[in-house]
Amino acid sequence: DQQVKQNSPSLSVQEGRISILNCDYTNSMFDYFLWYKKYPAEGPTFLISISSIKDKNEDGRFTVFLNKSAKHLSLHIVPSQPGDSAVYFCAASAGNSGNTPLVFGKGTRLSVIA
Amino acid sequence: DVKVTQSSRYLVKRTGEKVFLECVQDMDHENMFWYRQDPGLGLRLIYFSYDVKMKEKGDIPEGYSVSREKKERFSLILESASTNQTSMYLCASSLGQGRYEQYFGPGTRLTVT
């Protein structure tokens, strides 16, 4: 049973517009959420995270929103750039001070069209 | 910056061979992980380790074993490689101690023929 779901396998956005990537989770014990970005033939790189005590975290063009009641988080990229084209993975942790493995979604492939 | 290195970027092995994938991290991280990534399946956890000589099974441990003799090094072993183990293998490490971020190596593309 998938605990972290990214229901959109792919997304295409025009350069300069907003990209919104969505993620849903089922485990109410998750208390920390992360987004990773992955280019082909490279390892994933950490992008941004949010603790369950917050509902928003912003870092430059990237903002993550958390809606705990809906068990939903989203990553907003504004403005989108061609270099943002990659696969984005949502991940969640059920605490224990980071000593438990992250649970990853299956990823969403973002294509930013110039 | 955290650096996680993997011994090979590309590897081709024959069915039945014993395969060793090595991973080294340079930031004194407590935790290390091995994943495989396959199209449409995302990242699946094979094994992880909280500490030297400690190991825990992940979601898909069958056909794999691991070794962590030193804190900075975590090895993945395919005892008898099979074609269904053709995949991208990713190693990661994390500090733990309240820090959740995992840092990944560049990956090893393994092909078993």
Side-chain angles (χ1 to χ4, degrees), chain A residues 1-10 21 23-25 27 29-54 57 59 64 66 73 86-109, chain B residues 1-6 8-10 21 23 25 27 29-51 54-61 66 74 87-110:
Chain A
D1 184 33
Q2 264 191 280
Q3 298 185 68
V4 177
K5 298 179 184 179
Q6 294 178 256
N7 291 318
S8 298
S10 62
L21 295 98
C23 179
D24 297 297
Y25 62 95
N27 188 342
M29 298 300 293
F30 288 148
D31 63 355
Y32 200 85
F33 303 89
L34 307 92
W35 284 95
Y36 283 81
K37 174 180 179 179
K38 186 181 184 300
Y39 292 120
E42 294 184 13
T45 54
F46 169 69
L47 199 55
I48 192 169
S49 62
I50 188 167
S51 165
S52 60
I53 62 173
K54 296 185 175 180
N57 188 27
D59 183 2
V64 56
L66 175 63
L73 65 155
V87 177
Y88 290 78
F89 291 99
C90 172
S93 175
N96 195 20
S97 299
N99 289 327
T100 51
L102 298 177
V103 179
F104 285 86
K106 292 187 177 181
T108 297
R109 181 178 301 280
Chain B
D1 278 353
V2 176
K3 190 164 185 185
V4 180
T5 56
Q6 295 183 229
S8 304
R9 292 300 301 272
Y10 300 94
L21 302 182
C23 176
Q25 50 94 3
M27 285 300 291
H29 281 179
E30 300 290 331
N31 308 319
M32 296 188 76
F33 308 84
W34 275 106
Y35 296 88
R36 61 179 282 178
Q37 183 197 6
D38 300 287
L41 298 179
L43 298 171
R44 293 183 292 166
L45 181 66
I46 305 171
Y47 267 97
F48 61 102
S49 169
Y50 294 131
D51 200 352
M54 303 295 289
K55 60 184 179 184
E56 297 283 344
K57 292 181 180 179
D59 300 318
I60 50 164
V66 290
F74 192 35
S87 186
M88 168 70 91
Y89 289 88
L90 293 159
C91 175
S93 70
S94 72
L95 181 61
Q97 303 170 27
R99 296 297 302 271
Y100 295 80
E101 297 84 2
Q102 290 185 12
Y103 295 88
F104 285 82
T108 296
R109 169 67 64 185
L110 173 67

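The basis for the numbers below is simple: all heavy atoms, side chains too, and nothing from hydrogens, waters or symmetry mates. In what follows, every chain begins at residue 1, and chains take the letters A, B, ... in the order their sequences are listed.
Aromatic ring orientation, B:Y35 versus A:F104: perpendicular (interplanar angle above 60°, classes split at 30° and 60°). Taking the six-membered ring for Trp and thresholds of 30 and 60 degrees, A:Y36 and A:F46 have ring planes more than 60 degrees apart, a perpendicular arrangement.
Neither the backbone nor the side chain of B:R44 has a heavy atom closer than 4.5 Å to any heavy atom of chain A. In this structure, chain A has a heavy atom under 4.5 Å from the side chain of B:L90, while its backbone stays farther away. With a 4.5 angstrom heavy-atom cutoff, B:E56 does not touch chain A via any of its atoms. Proximity to chain B involves both the backbone and the side chain of A:L102, based on heavy atoms less than 4.5 angstrom apart. If you measure heavy-atom distances from A:P44 to chain B, the contacts under 4.5 Å come from both the backbone and the side chain. Contacts of A:A41 with chain B are made by both backbone and side-chain atoms, with heavy-atom separations under 4.5 Å.
Under the side-chain hydrogen bond (donor to acceptor under 3.5 Å, both in side chains) criterion, B:S49 pairs with B:R68, sequence neighbours left out. Annotation: salt bridge (charged side-chain N to carboxylate O under 4.0 Å, His left out) contacts of B:D59 (sequence neighbours excluded): none.
Tested against A:L66 for a side chain to side chain contact (heavy atoms under 4.5 Å, CB included), the candidates A:L73, A:N57, A:I53 yield a single pass: A:L73.
Each of B:Q37, B:R9, B:Q6 has some count of heavy-atom pairs under 4.5 Å with chain A, and the biggest count is that of B:Q37.
Residue A:R109 places its CZ atom among 12 or fewer non-hydrogen atoms of other residues, nucleotides or ligands, all under 6.0 Å distant.
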